[in-house]
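Notes to accompany the following structure.
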Amino acid sequence: SLSLVTPVWNRGTSGIRGLSKAVDPEGSQRKGRTLLQFLTDRFYDVEAVREYLLRKQVLKVQKKNRSVTYIKERYGPYVAGAYFVLKLGGSVKFRDREWMRADERGLSSLEFRKLQEVPLEAVDASGCAINYQGLDNLLALKELQSLSLRRCPHLDDWCLGRLYQLADSLQELSLAGCPRISERGLACLHHLQNLRRLDISDLPAVSNPGLTQILVEEMLPHCEVLGADWAQGLKVGPEEQSQDAPGSPIPA
């Protein structure tokens with residue numbers, strides 16, 4: 001189960017009520033046993049089952065990306081942003097602190113009262129189910145310098161259109177391996193003129209990686225852009241093809 005605790009001076013721990021709920025293992029098993037019977041009673045064809053499971057998946061992602069307003073009001077935007085990322089399985093770094101991430105027992109212990117005024121400067125949400133709605137929990141981090149969104153399956157072009165709100169502080173951004181990001185989304189990054197490092201490698205929705213990288217480099221002249229080789233995806237003209245063909249004569 002997910003739980004957040006904070007150390008106290010007597011070396012004990014005190015739970016933060018309302019941040020998470022315990023999951024009953026026996027209840028989960030009972031739910032699993034009744035799922036097949038529920039599907040059998042409710043659906044009569046494979047397509048109906050597929051649509052139902054898809055809706056359930058969408059609702060699950062939306063639930064994970066709810067705004068943690070109650071934590072923000074009590075502990076401030078830094079702790080709220082950290083809680084959101086850790087809950088999704090990512091890691092965070094407060095200024096002058098070590099990296100924190102969730103452990104096997106749940107969320108990492110955070111000294112909330114001491115961290116309320118400490119800026120959150122780095123977030124690694126690689127592989128997390130963050131979406132457009134979930135970005136609300138990160139856009140309030142006005143001192144955020146490094147953001148990794150590698151392999152986030154629900155991150156799309158619309159999400160990139162919101163990152164301009166971090167333009168004053170963001171210096172490093174990784175979007176590598178995100179399947180739903182295309183050239184249109186990358187064009188929105190022109191607001192991030194303080195970027196010094198950008199990773200746009202392995203983006204399957206980008207039709208011409210080499211040309212796209214050239215355009216991004218022109219758009220962000222002070223940023224190191226990591227991605228495809230500049231020639232990847234460029235079409236070779238007839239003259240170049242004939243010269244490279246096997247058996248072609250070598251020019252004198």
| Check: R196 side chain, N194 main-chain N or O, donor-acceptor pair, under 3.5 Å | yes
| note | Note: C188 and L160 closest approach over all heavy atoms is CB-O, 4.0 Å
| task | Please report the shortest heavy-atom distance between S126 and S148, naming the atom on each side. | result | OG-OG, 3.0 Å
| Side chain of S169, backbone of L144: donor and acceptor closer than 3.5 Å? | yes
| remark: d(E172 CD, C223 SG) to nearest 0.5 Å is 9.5 Å
| said: Within the structure provided, determine whether Y132 and N65 are in side-chain contact (heavy-atom separation under 4.5 Å). | reply: no
| Do you know the tightest heavy-atom contact between G127 and P153? | O-CD, 4.4 Å
| request: Report the C-alpha distance between M219 and V216 in whole Å, list the side-chain angles of each, state the deciding distance to 0.1 Å, and finish with yes or no for side-chain contact (heavy atoms from CB on, under 4.5 Å). | output: CA-CA 5 Å; M219 183 177 68; V216 172; 4.3 Å; yes
| task | Flag the pair L226 / L198 as yes when at least one side-chain heavy-atom distance between them is below 4.5 Å, and no otherwise. | result | no
| said: For the residue pair Y78 / E143, report whether a side-chain donor-acceptor contact shorter than 3.5 Å exists. | reply: yes
| said: Counting only heavy atoms from other residues, nucleotides and ligands, does the tally under 6.0 Å from NZ of K64 exceed 12? | reply: no
| field | R150 and D199 ion-paired at < 4.0 Å | value | yes
| Donor-acceptor pair, K142 side chain versus Q165 backbone, under 3.5 Å? | yes
| Are L170 and W158 connected in a single hydrophobic cluster, I mean Ile/Leu/Val/Met/Phe/Trp/Tyr linked by side-chain heavy atoms less than 4.5 Å apart? | no
| request: Carefully, step by step, assess S146 and Q171 under the rule side-chain hydrogen bond (donor to acceptor under 3.5 Å, both in side chains). | output: CA-CA 6 Å; S146 176; Q171 299 179 19; over 6 Å; no
| So how far is it from C159 SG to L135 CG, rounded to the nearest 0.5 Å? | 5.0 Å
| With distance as the sole test, does S182 use its side chain to make a donor-acceptor pair with the main-chain N or O of V206 at under 3.5 Å? | no
| Can you check whether R180's main-chain N or O pairs, donor with acceptor, with D156's side chain at less than 3.5 Å? | no
| Closest approach of V123 and V85, non-hydrogen atoms and distance? | CG1-CG2, 3.7 Å
| Quick one: does Q213's side chain have a donor or acceptor within less than 3.5 Å of a partner on V225's backbone? | yes
| request: Report yes or no: do Y164 and L195 belong to one cluster of Ile/Leu/Val/Met/Phe/Trp/Tyr joined by side chain heavy-atom distances under 4.5 Å? | output: no
| request: Could you tell me whether a side-chain N or O of Q193 sits under 3.5 Å from a main-chain N or O of H190, the two making a donor and an acceptor? | output: yes
| message | Can a side-chain donor-acceptor contact be found between D136 and S67 if the only test is distance below 3.5 angstrom? | response | no
| request: Evaluate the side-chain proximity of L163 to H191: yes if any heavy-atom separation is below 4.5 Å, no if none is. | output: no
| field | Under 3.5 Å: donor-acceptor pair, side chain of N137, backbone of V68 | value | yes
| message | Hydrophobic clustering (ILVMFWY, side-chain heavy atoms < 4.5 Å, transitive) - are L155 and L139 grouped together? | response | yes
| request: Provide the closest heavy-atom pair for L141 versus P77 in the form atom of the first, atom of the second, distance. | output: CD2-O, 3.4 Å
| Any side-chain heavy atom of H154 sitting closer than 4.5 Å to one from I130? | no
| note | Interatomic distance, CG@L166 vs CG@L138, rounded to 0.5 Å, equals 7.5 Å
| remark: Rounded to the nearest 0.5 angstrom, the OH-OH distance for Y83 and Y70 is 4.0 Å
| query | Rounded to the nearest 0.5 Å, how far apart are CG of L186 and CG of L175? | reply | 7.0 Å
| request: Output the distance between atom CZ (R95) and atom CG (L120), rounded to the nearest 0.5 Å. | output: 10.5 Å
| query | Between P204 and C178, what is the shortest heavy-atom contact and its length? | reply | CD-O, 4.0 Å
| request: Give a yes or no answer on whether the side chain of D202 reaches the backbone of G177 with a donor-acceptor pair at less than 3.5 Å. | output: no
